Every structure is written in structure tokens, then in C-alpha cells.
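The block underneath contains the structure these notes are about, expressed in C-alpha cells.
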Amino acid sequence: MNELPTSMRASVLRAVGDIAVEDRLVPEPGPHEVLVRVSAVGTCGSDTHYYEHGRVGGFVVREPLILGHEASGTVVARGSEVTGHAPGTRVSLEPGVPCGSCHECRSGRYNLCPDVRFFATPPIDGAFCEYVTLHEQFAYPVPEDMSDEAAALVEPLSVAVWACRKARVSPGSRVLVTGAGPVGLLAAQTARAFGATEVVTTDVSEHRLRMAAELAAADTIDVGERGLTESGYEPDVLLECSGNTKAGAEAVGTLARAGRGVFVGLGGDELPIPLAHVQTREIELTGTFRYANTWPSAIALAASGAVELDRLVTHRFGLDRVPEALTASARDETAVKSVVRPQE
Ligand SMILES: [Zn+2]
Ligand SMILES: [Zn+2]
């Protein structure tokens with residue numbers, strides 16, 4: 001592997017609103033790690049939030065941080081104990097490596113591990129750079145015909161898979177997805193793949209609603225024009241992907257008896273719950289935090305064509321244009337998913 005460089009370019013968040021390309025050492029893989037040349041990295045709302053506010057909830061950026069956690073790449077070197085993952089293997093990266101020994105990990109809920117090392121979450125660097133190291137078990141080989149960008153977007157697809165599992169979406173489910181951003185579009189498609197026979201998506205963007213209709217054969221409601229309650233729709237499952245408090249509260253109030261509401265979208269706000277509705281209908285409400293054990297399913301859903309990932313990608317940027325990538329959707333209504341290509 002003597003053709004590997006010793007230094008690389010990395011896009012570094014140095015302070016709120018200040019991202020610049022810096023030279024960093026190419027990391028050395030630990031015994032159980034692989035070194036991955038990064039091909040594509042999706043941008044996520046949390047990256048934008050770190051860039052604009054320096055924090056997401058209780059996670060605060062105190063030192064320079066490399067953002068980006070939706071990544072794919074090619075294995076170029078292996079630690080001493082790694083036996084699989086021949087160099088040249090294309091992989092999708094699960095960006096959080098849990099401790100493996102705490103109560104949550106041992107209970108199978110490793111997404112709740114308090115000691116997880118998660119890309120682009122202070123103080124752990126992310127993937128807006130040319131090379132990253134990762135534990136071999138969290139680098140998943142992808143099929144030959146899956147694009148680098150689709151392999152990166154297995155991460156947000158995992159969010160959707162986890163949400164559908166938590167909501168117990170099953171054949172015949174009627175599913176309401178509030179918010180048709182990238183995660184909402186993936187949640188709608190995944191619900192379909194899980195057997196939902198009705199999928200309704202709400203948003204205020206005509207463009208995004210059209211995508212939901214095309215990608216997930218979803219019925220759509222433009223809640224800028226018509227209230228959700230007035231639609232009379234009564235779903236079994238709510239997948240709240242807008243992060244909008246008002247949308248979330250109204251949507252809970254539409255859930256059918258024994259319905260399940262899952263809060264996926266980021267939202268630090270408080271939500272007034274229609275408690276009588278929740279009680280008399282035995283509604284279950286839960287949040288989701290990332291995902292656990294989703295990569296194999298997510299890769300299979302994308303590889304089979306049941307979920308379309310490539311069509312979400314609307315904008316592409318090199319490493320030197322990360323700030324533009326992070327703010328594209330605020331400037332351009334037609335921007336759905338921006339991808340950073342560190343090798344370009
Ligand atoms: Zn994300
Ligand atoms: Zn743990």
C-alpha cells in the first residue's frame with residue numbers, strides 16, 4: 001500500500017459559520033479497522049445545524065470538527081487483525097461504533113450506547129475528507145451496481161428502516177409521513193416496501209410532494225393549503241419527519257385506534273400532546289435515535305430497487321464547497337440531497 005499518501009485534504013468546521021479545507025494526516029487503521037478512501041458523503045440537517053449554530057441539542061462543537069456522516073468509499077488498507085474486506089472492496093459506512101459492553105449494547109440497543117463514537121458528533125471527526133478509518137464490522141460491502149452515492153445514502157435510509165420497525169409498519173398499514181425532505185421521502189418508500197398499502201405524505205413544498213408521489217406512490221397533502229385534520233385521514237402509523245412542532249401535534253391527533261407515532265425529525269421543541277386522544281385510543285408515541293442493525297436490510301432494499309436512493313441526489317460538490325453543500329436546500333427549493341465528493 002505504498003501508493004497511499006500520508007496527508008489528505010479535510011473540510012474542517014473551525015467555528016460557527018467557518019469551514020475551510022485543511023491538510024490532515026491520513027489516519028492509520030487500528031488492528032480491527034479498515035482505511036477507506038471516501039467516495040461520496042451525503043449532507044444532513046445535523047451537519048448544517050453544526051455549521052450554523054455550533055451545536056445540536058446537547059452536542060456542542062468545542063474543537064475543530066470534520067462534519068459528514070453519510071459516507072461510502074473503497075477499502076484501501078486494513079489493520080493487522082482484519083481478514084475480510086480485501087483492498088478494493090466498496091463499502092457503505094455505518095458511522096457509529098458503539099462500545100459493545102454497556103447495558104444498552106448488551107441489550108441489543110446499541111444506538112442508545114452512551115459511549116458510541118459517531119462520525120461528525122463532537123469530538124469525533126466525520127467524513128468530509130479523503131480518508132477515514134472505521135471498525136471493519138461497520139463497513140458493509142455493497143453490490144457492484146450500487147452507485148457510490150446510493151451507498152452513502154444507506155445511512156439516511158437506515159433512519160427510515162429503523163423508524164418503520166419502531167412503528168411496526170406491516171402489510172396493510174396506513175401510514176402518514178409528515179415532511180417530504182430526504183428522510184420523509186425515504187420513510188415513505190420504506191413504508192411501502194414494508195407492505196403499507198396507503199402512504200400519505202404532507203409538506204408545504206409542491207416539488208417535494210411531487211417527488212413523494214413519484215417515488216413512493218404516496219397520496220399527498222399540501223398542508224400550506226389545507227389542514228391535515230380537514231383531510232379526515234386516519235392513519236395507523238405516523239412517521240413524523242418534519243421536525244415541525246405544529247405538524248407533529250396535529251398529526252398525532254389524527255392517529256387511528258392503537259396507532260403508533262414515531263418522531264424521527266429533529267426537533268428540540270416541546271410538543272402539546274392531545275392527551276385524551278392518546279389515552280382513549282391507546283396511541284403509542286416514541287422517538288427514534290439513529291438506528292441499530294439496519295445496514296443489511298437497507299442495502300438489500302436499495303439493491304432490489306424497492307427504495308430509490310440515486311434520485312434523491314440533486315446537487316454535488318467538491319471538498320472545497322462544503323458550505324455551499326450544507327446550505328443548498330435553504331437557497332434552492334428543488335435541492336433535496338446534496339452530496340460531497342471528496343476525491344473531486
Ligand atoms: Zn444524517
Ligand atoms: Zn455501549
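As the structure is a computational prediction, the values presented were derived from the model and not from experiment. Counting starts at 1 for both ligands and their atoms, in listed order.
- Take the Zn ion (ligand 2) and draw a sphere of radius 2.8 Å; the protein N/O/S atoms inside it number 4.
- Criterion: ILVMFWY side-chain heavy atoms under 4.5 Å apart, direct or through other members. Under it, L228 and V252 are part of a common hydrophobic cluster.
- Of the residues listed (V307, I299, T294), the one engaging V154 in a side chain to side chain contact (heavy atoms under 4.5 Å, CB included) is I299, and it is the only one.
- Residues E149 and R316 are paired through a salt bridge, judged by an N-O separation under 4.0 Å between the basic side chain and the carboxylate.
- Using cut-offs of 30° and 60° on the angle between ring planes, the pair W295 and Y140 is parallel.
- Taking the charged nitrogens against the carboxylate oxygens, E214 and R311 do have a contact shorter than 4.0 Å, which makes a salt bridge.
- In this structure, E234 places its CD atom where more than 12 heavy-atom neighbours from other residues, nucleotides or ligands lie under 6.0 Å away.
- In summary, R260 and E284 do not engage in a salt bridge, as defined by a charged side-chain N under 4.0 Å from a carboxylate O.
- Looking at H69, its N, O or S atom nearest to the Zn ion (ligand 1) turns out to be NE2.
- Looking at E70 and the Zn ion (ligand 1) together, the shortest N, O or S contact belongs to OE2.
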